[in-house]
Structure formats: C-alpha cells, structure tokens
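Read through the structure below, which is laid out as structure tokens, and then see the notes.
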Amino acid sequence: MSATAARDLTQAVRQILNLDEDLSEFYALISSDDELSWAAGGAGRMLRTPTVYEAVVKTVCTTNCTWSATVRMVTALVENLGEQSAGGGARAFPTPEAMAAVPEAFYRDVVRAGYRSAYIRSLATGVADGMIELEDLAANASDVSDDEVATRLLALPGIGPYGAAHLMMLLGRHSRLILDSWTRPKYARVRGRKATNKAIERRFRRYGPYAGLAFWLYLTRDWVTEQP
DNA sequence: CGTCCAGGTCTAC
DNA sequence: GGTAGACCTGGACGC
C-alpha cells in the first residue's frame with residue numbers, strides 16, 4: 001500500500017470508528033445517573049461512514065421502509081455504481097459524481113428506491129456540482145450551533161426530523177432525539193408505558209446538548225449490559 | 001389476492 | 001404552526 005493510500009485508510013478508519021470523539025463531558029454528566037451511569041465506561045460512540053454524503057444517502061434509504069429494504073437499496077448502489085478496489089471483490093460506496101451520472105430511472109428501476117429516487121439523485125447532483133456542501137458538517141465547529149446544523153440538514157431533499165436527528169448524532173451533535181417507529185415502541189417497552197414525543201423530549205431535556213445521546217443509550221442499554 | 005406498514009418526508013391547506 | 005394525504009417497495013398477514 002502506498003503512503004497516500006495508508007494515510008487515506010487511516011483517516012477513514014478514524015472517521016468510521018469515531019476515534020476522535022470526546023464524550024468525557026457527557027460521562028461526567030451521567031456519572032451519578034441511575035439509568036445511564038453504566039454508559040460512562042465508554043459507550044455512546046456511533047459507528048459512521050467515511051463521508052457525510054454516504055451517511056445522508058443511507059439515511060434516506062432508511063426512511064419509511066424496513067431495514068431489509070434499506071440493505072437492498074444500499075447494496076444495489078454499491079454493486080452497480082461503486083468503484084471496485086484494486087484487489088478485486090470489494091466495492092466502495094459510490095461517489096456523488098458516479099451517482100449523478102445515472103438518470104433517476106436507474107434509482108427507480110435498478111435500486112428500487114421508489115419515490116426516494118428523486119431525493120437521492122438530487123443529493124448526488126447537488127454535491128457533485130458544489131451546490132450542496134456536506135463534508136464541512138463533520139468539522140464540529142463550536143461556533144456553529146446545533147440549530148444551524150439542523151436547519152442545513154432539514155433543507156436536504158428527503159431529510160426530515162428523523163433523518164436530521166439521526167445524522168446529527170453521527171456528526172457529534174447529540175441534542176436531538178431520534179424519534180421514529182423503532183425508538184418510540186422501544187421507549188415504551190423500556191419505560192413500561194407509552195409516551196408522546198413531547199413527553200419523551202421533556203424527560204430528556206435535563207441532559208441538554210446530550211439529550212439525544214442519553215435517549216439513545218437509555219434505549220440500547222440491553223445491547224451492552226445485563227438487565228437487572 | 002387485498003391490506004397494512006416499516007427506523008418518514010413533502011405538499012397543501 | 002399543526003395536520004391529512006400521497007408516495008415506492010416488498011414482506012407479513014388475513015381471508
């Protein structure tokens with residue numbers, strides 16, 4: 001592997017494993033929290049894609065469909081438009097340019113993305129021609145508020161409240177709660193009773209900028225620890 | 001075979 | 001600002 005390739009790969013892995021994220025402030029916040037102190041041992045780091053663009057496209061592919069449909073759509077994108085690695089076999093997630101080069105019909109007929117096709121192609125062309133800038137959202141600039149990031153994400157085609165909250169968590173912006181058809185019933189199970197979106201948000205407001213992460217860890221505790 | 005709906009979003013009131 | 005209705009797809013389910 002060339003030095004350049006090694007450097008690119010290292011950067012990609014840092015991005016994917018989110019190695020540079022500092023959650024110490026959050027861990028201090030939950031250190032004496034009955035429900036979340038368990039997470040202070042190192043939980044909460046989100047597995048990410050190498051680029052923000054890839055995360056946005058994949059997120060659109062999670063909306064209003066089953067997880068199996070998401071996998072099917074993303075697999076079709078990679079197999080049809082992704083560049084094959086030098087060693088053969090593996091393919092990368094396609095670039096915005098590669099995705100902008102095919103017509104919307106491709107997304108409908110081959111990817112079977114349905115009405116998402118226009119959103120996906122619009123994202124690809126927008127990023128490819130520079131009208132949409134996504135990678136700077138990963139910069140984590142402290143002078144840019146969560147509200148500003150949310151506004152930019154909500155302006156993207158196919159991204160609404162769920163998608164924006166989901167993407168912000170990946171971008172190290174943990175204020176928004178991911179409220180969708182998986183988290184709502186899961187919350188009802190963990191909590192022992194149903195609750196409206198507003199009631200859930202009220203309950204996690206005390207975590208401030210980490211409300212979204214607190215909510216996520218509250219829901220996924222059974223993924224990593226034994227239940228009492 | 002018809003209906004419903006899944007890790008929603010957008011438009012039009 | 002809040003909320004019906006439409007929107008692709010395909011797997012699950014009832015009949």
Side-chain angles (χ1 to χ4, degrees), chain A residues 16 18 43-49 52-81 93 99 102-127 131-132 134 137 147 149-191 194-204 211-224:
Chain A
I16 291 165
N18 217 339
R45 212 173 296 281
M46 301 294 154
L47 190 69
R48 309 192 297 181
T49 52
V52 178
Y53 169 72
E54 180 175 339
V56 172
V57 173
K58 284 178 170 174
T59 297
V60 169
C61 291
T62 66
T63 57
N64 201 26
C65 67
T66 57
W67 180 251
S68 65
T70 301
V71 172
R72 178 175 47 69
M73 288 185 263
V74 171
T75 300
L77 288 175
V78 170
E79 292 188 342
N80 288 284
L81 300 176
F93 189 84
M99 288 178 61
V102 293
E104 184 183 324
F106 172 85
Y107 294 100
R108 289 186 176 272
D109 302 339
V110 179
V111 180
R112 310 295 293 170
Y115 68 86
R116 298 169 198 77
S117 300
Y119 300 151
I120 296 171
R121 182 148 204 293
S122 179
L123 282 166
T125 55
V127 172
M131 292 298 288
I132 298 175
L134 294 177
L137 289 171
D147 279 350
V149 173
T151 299
R152 283 184 59 184
L153 291 172
L154 289 169
L156 298 173
I159 296 297
Y162 149 77
H166 179 75
L167 286 164
M168 285 177 72
M169 194 85 89
L170 300 177
L171 294 171
R173 307 272 184 170
H174 308 98
S175 56
R176 305 296 201 272
L177 275 61
I178 301 172
L179 292 162
D180 58 33
S181 64
W182 185 81
T183 59
R184 276 187 293 268
K186 176 74 179 189
Y187 178 80
R189 278 205 306 283
V190 175
R191 187 78 209 287
K194 288 186 178 180
T196 63
N197 287 357
K198 284 191 175 180
I200 299 173
E201 285 175 328
R202 203 179 312 128
R203 192 169 128 79
F204 284 87
L213 183 57
F215 178 56
W216 184 254
L217 290 169
Y218 180 78
L219 297 182
T220 59
R221 180 176 185 171
D222 63 337
W223 291 4
V224 288

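For the numbers below, each heavy atom of this structure counts, side chains included, while hydrogens, waters and symmetry mates do not.
- Comparing C:dG10, B:dA6, B:dG7 against the side chain of A:Thr62 picks out B:dG7 as the nearest.
- B:dA6 and C:dC8 have their C1' atoms separated by 13 Å, with the value rounded to a whole Å.
- At the phosphate of C:dC8, OP1 or OP2 sits under 4.0 Å from a side-chain N or O atom of A:Arg108.
- In this structure, CG of A:Asn64 is placed 11 Å from C1' of C:dA6, rounded to the nearest angstrom.
- Separating the CD1 atom of A:Ile120 from the P atom of B:dC10 is a distance of 13 Å, rounded to the nearest angstrom.
- Rounding to whole angstrom units, OH of residue A:Tyr162 and C1' of B:dC10 are separated by 17 Å.
- Of the C1' atoms belonging to C:dG10 and B:dC10, the separation is 23 Å, rounded to the nearest Å.
- Here, B:dC5 and C:dC7 have their C1' atoms 13 Å apart, quoted to the whole Å.
- At B:dG8, one or more side-chain N or O atoms of A:Ser181 fall inside 4.0 Å of OP1 or OP2 (strictly under the cut-off).
- Out of B:dA6, B:dG8, B:dC10, the shortest distance to the side chain of A:Tyr119 is found at B:dC10.
- Cation-pi geometry between A:Arg203 and A:Tyr187 is not satisfied (NZ or CZ under 6.0 Å from the ring centre, within 45° of the ring normal).
- Ring planes of A:Tyr162 and A:His166: parallel class, angle under 30° (limits at 30 and 60°).
- When Watson-Crick and G-U wobble pairs are counted only if both distances are under 3.5 Å, C:dT9 pairs with B:dA6.
- Between the P atom of C:dT3 and the NZ atom of A:Lys198 lies a distance of 8 Å, rounded to the nearest Å.
- Toward the 5' end of DNA chain B, the nearer of the two residues A:Thr66 and A:Ala155, judged by each one's closest nucleotide, is A:Thr66.
- With rounding to whole Å, A:Ile178 atom CD1 is found 12 Å from B:dG8 atom P.
- Among all heavy-atom pairs drawn from A:Pro185 and A:Asp180, the shortest one is CD-O, 4.2 Å.
- For A:Trp67, counting side-chain heavy atoms from C-beta on, the closest listed nucleotide (C:dT9, B:dG7, B:dT9) is B:dG7.
- Summarising the geometry, the separation between CZ on A:Arg184 and C1' on B:dC5 is reported as 13 Å, rounded to the nearest angstrom.
- Between A:Gly160 and A:Arg116, the residue anchored closer to the 5' end of DNA chain B is A:Arg116, taking for each the nucleotide with the nearest heavy atom.
- Under the 30°/60° scheme for interplanar angles, the aromatic rings of A:Tyr218 and A:Phe204 are found to stand perpendicular.
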Exercise. Under the side-chain contact (heavy atoms from CB on, under 4.5 Å) rule, what do A:His174 and A:Trp216 come out as? Steps first, then yes or no, please.
Key: CA-CA 10 Å; A:His174 308 98; A:Trp216 184 254; over 6 Å; no
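- Distance A:Met73 CE to B:dA6 P: 15 Å, rounded to the nearest Å.
- B:dC4 and C:dA6 are spaced 16 Å apart, taking the C1' atom of each and rounding to whole Å.
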Quiz item: Which is it for A:Asp147 and A:Arg173 under the salt bridge (charged side-chain N to carboxylate O under 4.0 Å, His left out) test, yes or no, and what are the steps along the way?
Solution: CA-CA 10 Å; A:Asp147 279 350; A:Arg173 307 272 184 170; over 6 Å; no
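- Look at CG on A:Asn197: it is 18 Å from P on C:dG1, rounded to the nearest Å.
- Using a 4.0 Å heavy-atom cutoff across all strands shown, A:Leu156 reaches sugar-phosphate atoms only and no base atom.
- On a pure distance criterion of 3.5 Å, a polar donor-acceptor pair joins the side chain of A:Tyr115 and the base of B:dG8.
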